[in-house]
Amino acid sequence: MASQWEPLLGTADIAEPEVREWVFVENQARALFSRYGYGELRTPVIERTDVFVRGLGDETDVVKKEMYTFEDRGGRSVTLRPEGTAGVMRAIANQGLAEGEERRVFYMGPMFRGERPAAGRRRQFHQVGVEAVGRAAPLLDAECIAMLLHFLEEVGIADGELLVNSRGTADDRPAAAAALKEHFTPHLAGLCEDCRRRFETNVWRMLDCKVEGCQEAIRGAPAIMDLLGAESKAYFAAVCACLDGLKVPYRVDPRLVRGLDYYEHTVFEVVHSGLGAQNALAGGGRYALFLPGSDRPVRGVGFAAGLERLLLARASLGQAAAGTPGMDVFLVSLGERALAASQLLAAELRHAGLRVLAETTGRSMKAQMRAADRVRARYTLIRGDNELDGGTVLCKAMADGVQTPVAAGEVAAWLLARLMSG
RNA sequence: GUGGGUGUAGCUCAGUUGGUUAGAGCGUCUGACUGUGGCUCAGAAGGUCGCGGGUUCGAAACCCGUCACUCACCCCA
């Protein structure tokens, strides 16, 4: 339906009953991450632009062509966050982190990227992510990965495939990049336009190209692992050993290259078959991130999972959305007096903890009964002049149609006794 | 940014080679002896056929443009 009230391209309204799926996944995330010692951190969705430019790398696709960047009223360049890590690091740096101190945080919320939307990809999308900042150890990387899989399990996705690889350190990269360039140079003429561009801007990415004609050159390329220094190789081997120790199944994908510059050492991704073309469910890795005005990187390990994609995966597995729960009680009122009196009774019942809907417009009894049925009320309380004069309320159990007159003062207790017992 | 698909009622969609007052299902509302839901039956409301132009005696349908949505590429979550 194309109406002028459609939300902006790539954004969406999330309403009942779908929103229950969101809340479910968010709650699972909160509960699970806290079991691993992570606390929630909420950072602004908007930051100074250089937080991201410096953090993600100015040659990355995200920074070059996908950010929602504009000037605020003071002429400062600001950006809607395209990912969560940079802002989280900024916040942690702002709070101060002692040498050797470890900080574990998780976050969830909207991110913004100005791309063409497709299945599982929106301009405003949502991520839940974690960051363990301040220490570097293979065991920590492995635990982080294991937690991601644990989380996926908790939300009903047990069949994702884990891919891992290493990007080495900043020290390894110049030599490795040179080796890659050397390999690709003779093939350049036969490669796609994008690859020729990547040759200049980001050789690593060429390994990731899906164009048919480029595959042969890519297959012949040296594996990243072979280009890394001894220290990096050892680190990666240790991470793999830890994963083995944790009995986490994984596949080493020598071509896994993630899109942001801040990664070093371990990178990983979980892919899922139920997502269409955008098959990455979650991704992350170890990173060294630079903040504006600082030459010392903040190091950590973390991941982000796409909420929309988690929900797609759940849907593909037939994980049913929890239905909207019905009301406990619907108050049917016949006549002005009853209408007024029922508002008071409704308030009393709600204070008692019940889910209550009361007639407000005085329709026919049939219409009100239909309304009660539509909201799946378990009890309908009927009051007209007869009941008001007698000081009672007619309580009807909708399941079997049995009607019981109850003294007005005892209705709440009467209902509670029945509703609580199930 | 580049390609493909689709825009008809609140929702999901029909609409035959252009031909009278544009339909169905679901939903909503009303009614079927006085104050009783679901099932059934009867009825009602609800549509600038995305928008603009063109062809034609006549356009929801054909042509052009435009906008929107959607899928895919790129890249990523």
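Below, read A as the first sequence line, B as the second, and so on, with proteins coming before strands; counting in each chain starts at 1.
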Nearest-nucleotide pick for [X], side chain only, options being [options]:
X        : options                : result
A/Arg113 : B/rG37, B/rA77, B/rG35 : B/rA77
A/Phe125 : B/rU30, B/rA77, B/rC71 : B/rA77
A/Leu394 : B/rU30, B/rC73, B/rG35 : B/rG35
A/Arg374 : B/rG35, B/rG37, B/rU28 : B/rU28
A/Ile382 : B/rG35, B/rG38, B/rA77 : B/rG35
A/Arg370 : B/rA72, B/rU36, B/rG38 : B/rG38
A/Tyr263 : B/rG1, B/rG35, B/rA77  : B/rA77
A/Arg309 : B/rC29, B/rU70, B/rA77 : B/rA77
A/Gln403 : B/rG37, B/rC73, B/rU36 : B/rU36

Are [X] and [N] close enough that a side-chain N or O sits under 4.0 Å from OP1 or OP2?
X        : N      : answer
A/Arg363 : B/rU30 : no
A/Arg376 : B/rG38 : no
A/Ser364 : B/rG35 : no
A/Lys366 : B/rG37 : yes

Heavy-atom donor-acceptor pair, A/Glu387 side-chain to B/rG35 base, under 3.5 Å: yes

Judged by modelled atom types alone, do A/Gln124 and A/Tyr68 share a side-chain donor-acceptor pair under 3.5 Å? no

Strictly by modelled atom types, are A/Thr85 and A/Glu131 linked by a side-chain donor-acceptor pair under 3.5 Å?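 There is such a pair between these side chains.
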
Quick one: on RNA chain B, does A/Lys396 or A/Glu66 contact a more 5' nucleotide (nearest heavy atom)?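 Nearest-nucleotide comparison on RNA chain B picks A/Lys396.
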
Of A/Val257 and A/Met398, whose nearest nucleotide on RNA chain B comes first from the 5' end?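 The residue mapped nearer the 5' terminus is A/Met398.
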
Under a 4.0 Å threshold between the charged nitrogen and the carboxylate oxygen, would A/Arg104 count as salt-bridged to A/Glu102?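 Yes, charged N to carboxylate O under 4.0 Å.
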
Could you tell me whether A/Arg35 and A/Glu154 have a side-chain N and a carboxylate O separated by less than 4.0 Å?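 So A/Arg35 pairs with A/Glu154 through a salt bridge.
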
Checking base pairs now: Watson-Crick or wobble, both atom distances under 3.5 Å. What partners [N]?
N      : answer
B/rG43 : B/rC29
B/rG7  : B/rC67
B/rG1  : B/rC73
B/rC57 : B/rG19
B/rU36 : none

Are side-chain heavy atoms of [X] and [Y] found at a separation under 4.5 Å?
X        : Y        : value
A/Thr43  : A/Arg81  : yes
A/Phe52  : A/Thr60  : no
A/Glu269 : A/Leu256 : yes

What nucleic acid atoms does [X] come within less than 4.0 Å of, heavy atoms only: base, sugar-phosphate, or nothing?
X        : value
A/Ala372 : nothing
A/Pro7   : sugar-phosphate
A/Gly401 : base
A/Ala371 : nothing

Nearest-angstrom distance from the residue atom [atom1] of [X] to [atom2] of [N]:
X        : N      : atom1 : atom2 : answer
A/Leu9   : B/rU70 : CG    : C1'   : 10 Å
A/Leu334 : B/rU34 : CG    : C1'   : 12 Å
A/Asp385 : B/rG35 : CG    : P     : 11 Å
A/Glu359 : B/rU36 : CD    : C1'   : 14 Å
A/Leu357 : B/rG37 : CG    : C1'   : 15 Å
A/Arg122 : B/rU70 : CZ    : P     : 7 Å

